[in-house]
Amino acid sequence: MFIDSVKLNIASGDGGKGAVSFRREKHVLLGGPDGGDGGDGGDVYFVCDNNLHTLLHFKGKKEFKASNGVDGQKRNKSGKKGEDLELRVPAGTQVIDSETKELLLDLQVEGQKELFLKGGIGGKGNTYFKSPTNQVPQYAQQGKKGLKKTVNLELKLIADVGLVGFPNVGKSTLISVLSNARPEIANYEFTTLTPKLGLVKVDEYDSFVMADIPGIIEGASVGKGLGLKFLKHIERTNFLLFLLDISREMSLKTQFQTLQKELQNFSAVLAKKSFAVLLSKTDLLEDEYFKAKFDEEERELEGVLGEARFVSLISSLKQDSLTELKFKLYKELKA
């Protein structure tokens with residue numbers, strides 16, 4: 001199951017109490033103070049872990065708290081510090097304050113470890129308060145309480161290239177033949193219900209990551225279909241790849257303009273990313289009907305492509321032009 005958003009209540013540990021204690025010693029009133037300090041409460045950290053690809057491990061548990069510090073003891077023994085809590089998250093996870101919506105942390109790099117909540121300080125034992133005018137202090141400090149915060153974790157996948165297209169245009173097939181991703185492929189809409197990442201190998205040494213999200217339909221930016229929920233997963237991509245289906249009743253020009261509009265409505269930043277256009281299922285051009293349809297629509301499409309870096313005709317079924325596509329994409333990413 002793919003989970004990309006959770007709400008958590010997080011708390012660091014409370015500091016332990018300082019001890020009130022007196023040693024037994026001849027000729028010393030009450031033996032003198034020997035109460036130790038309380039231990040500090042445990043801290044809370046977020047850790048970026050590339051072995052994780054979803055927030056599923058947080059499902060069913062909403063409360064997370066680091067351990068409290070141990071109380072001080074007699075004979076000036078300080079309490080042990082509370083155990084720290086490490087919350088491990090996949091790369092691309094943002095930690096957002098639930099109330100203010102402020103971005104608190106953005107974890108993107110494997111091994112990145114960020115202190116989130118500092119534990120409460122342990123209280124001083126009565127030994128600390130001994131002075132010439134106060135030889136037998138009868139009090140100690142309470143430990144300070146830890147910090148609490150309610151946050152939303154939002155996962156935005158990190159990829160180099162993001163695939164954009166209507167449902168059932170061949171995005172899943174394309175990423176399956178280009179990369180190591182193995183998405184569900186079937187002849188009906190919304191076979192892709194969750195984002196998929198695939199590593200595309202260009203040659204022995206070079207590669208890039210491609211992301212496939214569920215198909216976008218008109219109105220996705222206001223919640224129709226599955227688009228709104230998953231459009232955020234291509235916000236971090238460096239390059240967008242529009243996949244247009246030459247067999248679809250909707251013209252190539254209308255497909256492209258509709259997709260562009262939905263991206264613009266969702267995020268102005270997303271709409272400004274560099275992009276290329278793929279015309280898919282070109283194996284159908286052997287049929288006279290699709291050939292005539294394509295010839296007419298291709299001319300209309302040329303007038304609206306604007307700043308497209310390139311336009312390519314491909315067939316994932318026959319794997320036509322896919323090697324050239326990998327090199328073109330890699331060249332754009334390097335640029």
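Everything numeric in this text was worked out from a predicted model, so none of it was measured. Keep in mind that the numbers below use all heavy atoms, side chains included, and drop hydrogens, waters and symmetry copies.
For D160 (side chain) and F208 (main-chain N/O), no donor-acceptor pair under 3.5 Å exists by modelled atom type. D212 places no side-chain N or O within donor-acceptor distance of the main-chain N or O of L163, the cut-off being under 3.5 Å. Using a distance-only test at 3.5 Å, with no hydrogens or angles considered, a donor-acceptor pair links the side chain of S12 to the main chain of L147. Formation of a donor-acceptor pair under 3.5 Å by the S280 side chain with backbone atoms of V169 is found in this model. Using a distance-only test at 3.5 Å, with no hydrogens or angles considered, a donor-acceptor pair links the side chain of E110 to the main chain of N50. Under the 3.5 Å distance criterion, the side-chain polar atoms of Q135 are matched with a main-chain donor or acceptor of S131. Side chain of T93 to backbone of V89: no donor-acceptor contact under 3.5 angstrom is found. D43 places no side-chain N or O within 3.5 Å of a backbone atom of K118 that could act as its donor or acceptor partner. Between the side chain of K17 and the main chain of G123, no donor-acceptor pair closer than 3.5 Å is present. Side-chain atoms of K326 come within 3.5 Å of backbone atoms of K201 as a donor-acceptor pair (strictly under, hydrogens ignored).
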- Task: Evaluate the side chain to side chain contact (heavy atoms under 4.5 Å, CB included) criterion for residues D245 and F166: first the C-alpha distance (whole Å), next the side-chain angles of each, then the deciding distance (0.1 Å), finally the verdict.
- Result: CA-CA 8 Å; D245 182 356; F166 282 85; over 6 Å; no

- Worked verdict on D320 versus S315 for side chain to side chain donor-acceptor pair (under 3.5 Å): CA-CA 5 Å; D320 287 343; S315 170; 4.6 Å; no

- Task: Might you work through the side chain to side chain donor-acceptor pair (under 3.5 Å) test for D34 and T127, ending with a clear yes or no?
- Result: CA-CA 5 Å; D34 72 347; T127 302; 5.7 Å; no

- Item | Check against side chain to side chain contact (heavy atoms under 4.5 Å, CB included), V6 and L155 | CA-CA 9 Å; V6 294; L155 173 60; over 6 Å; no

- Message: Assess the residue pair F64 and N9 against the criterion (side chain to side chain contact (heavy atoms under 4.5 Å, CB included)); give the C-alpha distance rounded to whole Å, side-chain angles, the decisive distance to 0.1 Å, and a yes or no.
- Response: CA-CA 6 Å; F64 292 87; N9 297 312; over 6 Å; no

- Message: Is there a side chain to side chain contact (heavy atoms under 4.5 Å, CB included) between L244 and L301? Walk through the geometry before answering.
- Response: CA-CA 11 Å; L244 309 182; L301 178 64; 4.1 Å; yes

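Counting only N and O atoms by type, the side chains of N152 and S98 include a donor and acceptor under 3.5 Å apart. Donor-acceptor pairing under 3.5 Å is lacking for the side chains of N76 and Y128. Residues E114 and Q112 bring a donor and an acceptor atom of their side chains to less than 3.5 Å of each other. In this structure, a donor-acceptor pair under 3.5 Å is present between the side chains of Y330 and D206. Of the N and O atoms on the side chains of T254 and S251, at least one donor lies less than 3.5 Å from an acceptor on the other residue.
Of the charged side-chain nitrogens involved, at least one lies within less than 4.0 Å of a carboxylate oxygen, so that E286 and K318 count as a salt-bridged pair. Under the 4.0 Å criterion applied to side-chain N and carboxylate O atoms, E86 and R88 are assigned as salt-bridge partners. We find that K145 and D14 are joined by a salt bridge, their nearest charged nitrogen and carboxylate oxygen being less than 4.0 Å apart. A salt bridge between D287 and K291 is absent, with no side-chain N of the basic residue lying under 4.0 Å from a carboxylate O of the acidic one. Remark: D40 does not engage K81 in a salt bridge, criterion side-chain N to carboxylate O under 4.0 Å. A salt bridge between E235 and K273 is absent, with no side-chain N of the basic residue lying under 4.0 Å from a carboxylate O of the acidic one. Between K328 and E324 there is no salt bridge, since no side-chain nitrogen of the basic residue lies less than 4.0 Å from a carboxylate oxygen of the acidic one. A salt bridge links D106 with R236: the closest approach of a Lys/Arg side-chain nitrogen to an acidic carboxylate oxygen falls below 4.0 angstrom.
Note: I96 CD1 to L104 CG = 8.0 Å, rounded to the nearest 0.5 Å. From L252, atom CG reaches atom CD of E297 across 4.5 Å, with rounding to the nearest 0.5 Å. The CG atom of L174 sits 4.5 Å away from atom CD1 of I314, with the distance rounded to the nearest 0.5 Å. The line from CD1 of I10 to CG of L85 is 7.5 Å long, rounded to the nearest 0.5 Å. A distance of 10.5 Å separates CG of L103 from CD of E154, quoted to the nearest 0.5 Å. Between K113 atom NZ and D84 atom CG the span is 7.0 Å, to the nearest 0.5 Å.
A single hydrophobic cluster is seen to contain both V311 and I246, as judged by linkage of ILVMFWY side chains at heavy-atom distances under 4.5 Å, directly or through other members. Y45 and V95 fall into different hydrophobic clusters, defined by Ile, Leu, Val, Met, Phe, Trp and Tyr side-chain heavy atoms under 4.5 Å apart, directly or through other members. A single hydrophobic cluster is seen to contain both F327 and L329, as judged by linkage of ILVMFWY side chains at heavy-atom distances under 4.5 Å, directly or through other members.
Using a 4.5 Å heavy-atom threshold, the side chains of L153 and L8 count as touching. For the pair S312 and S321, the minimum side-chain heavy-atom distance is 4.5 Å or more. The closest side-chain heavy-atom distance from E262 to L259 is not below 4.5 Å. Side-chain contact between F256 and Q260 is present, with at least one heavy-atom pair separated by less than 4.5 Å. Inter-residue side-chain proximity for L278 and L241 is flagged as met; some heavy-atom pair is nearer than 4.5 Å. Between Q255 and R248, the closest side-chain pair of non-hydrogen atoms falls below 4.5 Å. The shortest distance between side-chain heavy atoms of K74 and R23 does not fall below 4.5 Å. Using a 4.5 Å cut-off on side-chain heavy atoms (C-beta onward), L240 and L263 make contact.
Closest approach of S5 and L55 over heavy atoms only: N-CD1, 3.8 Å. T173 approaches S316 most closely through the heavy-atom pair CG2-CB, 3.6 Å. Residues A66 and G42 come closest through the heavy atom pair CB-O, 3.3 Å. Contact detail for A140 and G18: the closest heavy-atom pair is CB-O, 3.5 Å.
Atom NZ of K7 is surrounded by 12 or fewer heavy atoms from other residues, nucleotides or ligands within 6.0 Å. In the displayed structure, E300 atom CD is contacted under 6.0 Å by more than 12 heavy atoms of other residues, nucleotides or ligands.
None of F242, F239, F310 except one satisfies the ring-ring contact (aromatic ring centres under 6.0 Å, His included) rule with F275; the exception is F242.
The side-chain contact (heavy atoms from CB on, under 4.5 Å) search around Q141 returns K124, F129, not counting sequence neighbours. Taking E302 as the reference, nothing meets the side chain to side chain donor-acceptor pair (under 3.5 Å) condition, with sequence neighbours excluded.
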